[in-house]
*Asks:* 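First the structure, which I've put down as structure tokens, then a few questions once you've had a look.
Residue numbers count from 1 along this sequence. Atom set for the values below is all heavy atoms of this structure, side chains included, hydrogens, waters and symmetry mates excluded.
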Amino acid sequence: MKKMERNIVETGRNHLGTILCKRCGETIGTLDTERAIVYYSVCEREQCGERMESGDDAGVLGA
């Protein structure tokens, strides 16, 4: 079962908020929100964390 499907089953509601990694675009999680919205953060992948520590914005989605 996919992460988003699991969240819907657990709460009985649709999670319209999505958290994406701003470095690689991977879905980090979902949130129960009133409307569709996308939040950006950094995932736990080693490559994404290294870029953040070095201040390298190359490869940032939308940059």
Side-chain angles (χ1 to χ4, degrees):
M1 185 182 310
K2 293 181 183 175
K3 183 180 258 186
M4 189 173 291
E5 291 172 353
R6 185 172 56 245
N7 288 338
I8 292 169
V9 171
E10 289 173 0
T11 64
R13 296 179 57 179
N14 291 328
H15 282 198
L16 299 176
T18 303
I19 306 168
L20 296 178
C21 176
K22 64 183 178 180
R23 306 292 180 185
C24 67
E26 182 75 25
T27 300
I28 298 171
T30 61
L31 298 168
D32 184 12
T33 59
E34 295 291 321
R35 60 187 174 93
I37 190 164
V38 177
Y39 295 99
Y40 294 93
S41 188
V42 178
C43 71
E44 296 178 354
R45 294 173 79 188
E46 188 174 327
Q47 304 92 322
C48 297
E50 287 174 1
R51 282 191 224 155
M52 187 170 188
E53 290 172 6
S54 70
D56 178 16
D57 283 337
V60 174
L61 295 176

*Asks:* Could you go through the side chain to side chain contact (heavy atoms under 4.5 Å, CB included) check for Gln47 and Cys24 one step at a time?
*Replies:* CA-CA 9 Å; Gln47 304 92 322; Cys24 67; over 6 Å; no

*Asks:* Run the numbers on Thr27 and Leu20 for side chain to side chain contact (heavy atoms under 4.5 Å, CB included), then give the verdict.
*Replies:* CA-CA 5 Å; Thr27 300; Leu20 296 178; 3.6 Å; yes

*Asks:* State plainly whether one hydrophobic cluster holds both Leu31 and Leu16, where clusters connect Ile, Leu, Val, Met, Phe, Trp and Tyr through side-chain heavy atoms under 4.5 angstrom apart.
*Replies:* no

*Asks:* Would you name the heavy atoms of Gly17 and Thr33 that are closest together and state the gap between them?
*Replies:* N-OG1, 3.1 Å

*Asks:* With rounding to the nearest 0.5 angstrom, report the CD1 to OH distance, Ile19 to Tyr40.
*Replies:* 12.0 Å

